[in-house]
Amino acid sequence: MADLKPTGGNKKRPVIKFSLYWMYAFVLLFLFGMLYLDDNTVTKKVSYSEFENYITDSINAGNHGITKIIVDKKKGMAEAQLSDSLAKAIFPQSQIKDGGVTSITTTLPSTDEFARKIDYWKQSDIYSGPVDYDEGSDFTSFLWTFGPIILLIAFWFIIMRRMTNRDGGAGGVFSVGKSKAQVFDKDNAMKVTFKDVAGLSEAKTEIEEIVEFLKNPQRYTNLGGKIPKGALLVGPPGTGKTLLAKAVAGEANVPFFSMSGSDFVEMFVGVGASRVRDLFQKAKEKSPCIVFIDEIDAVGRARGKNPNMGANDERENTLNQLLTEMDGFGTNSGVIILAATNRADILDKALLRAGRFDRQIYVELPELNDRVEIFKVHLKGIKTDESVDIDLLARQTPGFSGADIANVCNEAALIAARHNKDVVQRQDFIDAVDRIIGGLEKRSKITTAEEKKAIACHEAGHATVSWNLRYANPLIKVTIVPRGKALGAAWYLPEERQITPAQALLDEMCSTLGGRAAEELFLGRISTGAANDLERVTKQAYAMVVYYGMSDRLPNLSYYDSTGQSYGFSKPYSEDRARMIDEEVSRIVNEQYERAKAILRQYAEGHNKLADVLYSREVIFTEDVEQIFGKRKWVSRTDEILAAQQSAEKNGAAAKDEKANDAEAPAVEDVEATEVTPPADIPPVPGKKQKESESSDE
């Protein structure tokens with residue numbers, strides 16, 4: 001039988017924590033005590049002769065005006081408390097308090113002489129009242145004199161201590177210059193490893209090499225090489241820069257210092273530089289180690305860009321100290337600096353030079369294969385069924401970062417739970433992607449039948465034109481249900497391209513203008529629904545002319561400045577050239593608009609059927625478009641690449657099996673067996689003639 005323990009045995013005693021409000025209450029009680037514990041005494045200081053006269057005159061008058069005499073031997077003073085009748089004679093009526101004590105005080109020339117005089121008065125029956133002799137106390141005098149000052153100092157000390165404990169850690173006000181870095185070592189190890197980092201194969205390879213430097217430095221130093229001093233992780237937000245740093249902390253088996261760039265900046269002047277010195281001092285004591293500074297652009301911004309009227313800039317002082325510590329007169333052997341930023345263009349050049357950050361590791365948005373691996377990592381903890389196609393999800397999320405993919409998986413699980421499902425299905429993931437890209441469906445938005453028909457015609461125009469263009473993105477889904485700010489939306493499967501031919505840009509512009517062209521052809525009017533389409537097309541045409549040099553009148557010219565410094569207040573071309581650019585942009589847009597209308601005239605019957613289906617069902621998919629227009633003429637470039645990769649894997653596996661079965665085969669046959677044929681039918685970059693023939697075919 002198990003031992004039964006009392007349920008209350010493990011209860012901890014309540015810990016009474018100090019609160020600053022206690023000090024406020026104490027001060028208020030002290031002030032109220034001084035106010036309400038006052039004896040309401042009204043005192044008048046007189047000379048010694050007047051003091052004697054008041055006593056003798058009042059006694060001789062027979063009214064006994066003196067009720068009590070107090071002698072303070074320490075101060076050499078005497079106090080005589082007055083009766084009401086004598087008090088009215090000495091003090092104005094306004095000064096006398098009800099229930100208060102009125103008295104007169106004087107400084108005694110000699111306390112012994114005054115004591116003898118009191119004895120004489122008592123013996124002669126001149127004064128028979130009480131007499132008190134106060135010896136006085138040095139401590140009481142000191143407390144009343146310096147007590148308020150001591151209380152004020154203690155109050156200020158407690159406030160400063162609480163502020164510094166909150167902002168600078170333990171150690172009081174003197175710890176404000178200490179670094180706030182988190183330290184991960186054997187006792188406090190990070191649990192993230194490289195197995196948790198999917199994709200990012202190139203960046204992960206370089207990071208793994210840095211870890212290998214620390215684990216086995218002799219392997220590199222024996223050849224005369226030097227261990228890199230720092231590596232800068234550069235990439236868009238959400239791509240996994242901080243995750244890579246966490247993996248380094250979990251794999252390196254050396255002390256790992258983690259700190260944010262904003263932790264160096266403080267309201268006090270000189271604190272940032274002090275924290276940099278303290279950080280590197282701790283790192284040197286625990287070398288070999290790694291120091292990670294996240295969002296380093298907070299302190300690494302280029303100097304001299306915005307001078308603050310010659311004032312002392314705290315960020316510049318912090319940056320100067322950081323530059324000195326990383327590669328200055330001293331040495332930092334065994335200390336490797338990792339930093340992350342998504343604004344490498346604004347960093348100071350002295351920070352980026354070799355010797356400080358020897359390597360810049362670019363963490364880009366994941367490609368198709370990387371997204372497949374990232375989905376596999378985030379789907380480990382989610383219950384899914386066989387309908388979930390990871391390859392399709394990866395293709396539907398181009399341009400998504402690792403953080404976006406994690407959000408898709410989490411949103412899909414929430415959607416499935418909202419519908420009381422036991423597992424997360426394919427449709428849940430599709431709804432999650434739609435939710436993230438387009439926003440929530442707004443079925444409550446009121447639209448008339450005429451507006452709904454116009455939206456269906458517009459979206460069907462996009463679908464019709466894109467389906468019949470070679471380089472346009474394949475269609476996945478079209479809806480006329482309002483989402484976010486859009487009245488209708490279409491989802492396409494963007495191609496994975498490293499370079500984009502001119503014809504691909506023109507086809508994309510043509511399909512984007514298909515909605516406005518359909519409104520003009522089949523409705524006889526245009527609307528404001530194409531505002532976003534026109535904005536995208538105008539920007540793309542301008543980029544073709546000004547950036548890519550894809551204009552017949554302005555070939556091979558680019559006015560794009562990759563340094564980010566622009567050209568100042570003036571344009572790098574004349575007014576005549578600006579007029580030519582505007583004319584070329586208008587020509588390109590008009591040509592693609594007329595091309596879209598020509599395609600819609602050719603497939604008018606199919607467009608009308610598609611618009612009717614979309615109007616009645618509100619949502620259509622790829623299968624619905626195939627039933628109307630038939631199979632698409634062109635295979636997706638992404639499908640071709642995936643097929644080529646699968647073919648290469650099969651050929652490689654077949655070659656390995658053949659080599660294992662025939663060990664005596666010559667080396668030449670092995671090479672021929674493992675040779676991979678490049679994928680056929682990869683479209684060349686078309687010229688102007690191909691564009692015209694393509695248009696005529698359509």
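Computed over heavy atoms, backbone and side chain alike; hydrogens, waters and symmetry mates excluded.
Taking a cutoff of 4.0 Å between a charged side-chain nitrogen and a carboxylate oxygen, Glu605 and Lys609 qualify as a salt bridge. Under 4.0 Å is where a charged nitrogen must lie from a carboxylate oxygen, and between Asp576 and Arg579 at least one such pair does. Using a cut-off of 4.0 Å between Lys/Arg side-chain N and Asp/Glu carboxylate O, Arg595 and Asp507 are scored as salt-bridged. Using a cut-off of 4.0 Å between Lys/Arg side-chain N and Asp/Glu carboxylate O, Asp434 and Lys477 are scored as salt-bridged. Using a cutoff of 4.0 Å between basic side-chain nitrogens and carboxylate oxygens, Glu626 and Lys631 are scored as salt-bridged. Salt-bridge check for Glu591 with Arg587: passed, with a basic side-chain N closer than 4.0 Å to an acidic carboxylate O.
Residues Tyr548 and Gln540 have side chains that never bring a donor and an acceptor to within less than 3.5 angstrom of each other. Side-chain N/O atoms of His378 and Asn410 include no donor and acceptor closer than 3.5 Å.
With sequence neighbours excluded, no residue forms a salt bridge (Lys or Arg N to Asp or Glu O under 4.0 Å) with Asp370. In this structure, the side-chain hydrogen bond (donor to acceptor under 3.5 Å, both in side chains) partners of Tyr542, at least two apart in sequence or on a different chain, are Tyr573. Partners of Asp624 by side-chain hydrogen bond (donor to acceptor under 3.5 Å, both in side chains), not counting sequence neighbours, listed by chain and number: Arg617.
Scanning all heavy atoms of the two residues, the minimum distance from Ser527 to Glu519 falls at OG-OE1, 2.9 Å. Residues Ala203 and Val363 come closest through the heavy atom pair CB-CG2, 4.2 Å.
Of the possible donor and acceptor atoms, one in the side chain of Asp263 sits under 3.5 Å from a partner among the backbone N and O of Ser260. For the pair Thr622 (side chain) and Leu475 (backbone), a donor-acceptor distance under 3.5 Å is present. Side chain of Thr464 to main chain of Gly461: no donor-acceptor pair is present (N/O by atom type, distance under 3.5 Å, no hydrogens or angles). A side-chain donor-acceptor contact under 3.5 Å links Asn608 to the backbone of Ala604.
To the nearest 0.5 Å, atoms CG (Asp297) and CD (Glu295) are separated by 5.5 Å. Taking CD1 from Ile405 and CZ from Phe400, the interatomic distance works out to 8.0 Å, rounded to the nearest 0.5 Å. Expressed to the nearest 0.5 Å, how far CG of Leu521 lies from NZ of Lys597 amounts to 6.0 Å. Remark: Leu232 CG to Ile293 CD1 distance equals 10.5 Å, nearest 0.5 Å. Within the model, atoms CD of Gln427 and NE2 of His419 stand 9.5 Å from one another, a figure rounded to the nearest 0.5 Å. For the atom pair CG (Asn342) and OG1 (Thr239), the distance works out to 8.5 Å, reported to the nearest 0.5 Å.
By the 4.5 Å heavy-atom criterion applied to side chains, Leu506 and Met544 are counted as neighbours. Side-chain contact check for Ser466 versus Asn473: every heavy-atom pair is 4.5 Å or farther apart. A heavy-atom distance below 4.5 Å is found between the side chains of Val372 and Lys376. Here the side chains of Phe429 and Thr384 are in contact, with some heavy-atom distance below 4.5 Å. Residues Leu347 and Thr341 meet the side-chain proximity criterion, which asks for heavy atoms closer than 4.5 Å.
Every pair passing salt bridge (charged side-chain N to carboxylate O under 4.0 Å, His left out) that includes a residue from residues 410-427 is listed here, sequence neighbours excluded: Lys421-Asp428. Residue pairs that meet the salt bridge (charged side-chain N to carboxylate O under 4.0 Å, His left out) test with at least one member in residues 452-463, sequence neighbours left out, are Lys452-Glu618. The ring pair (Phe, Tyr, Trp, His ring centres under 6.0 Å) contacts involving residues 517-541 comprise Phe522-His607, where partners must be two or more places apart or lie in separate chains.
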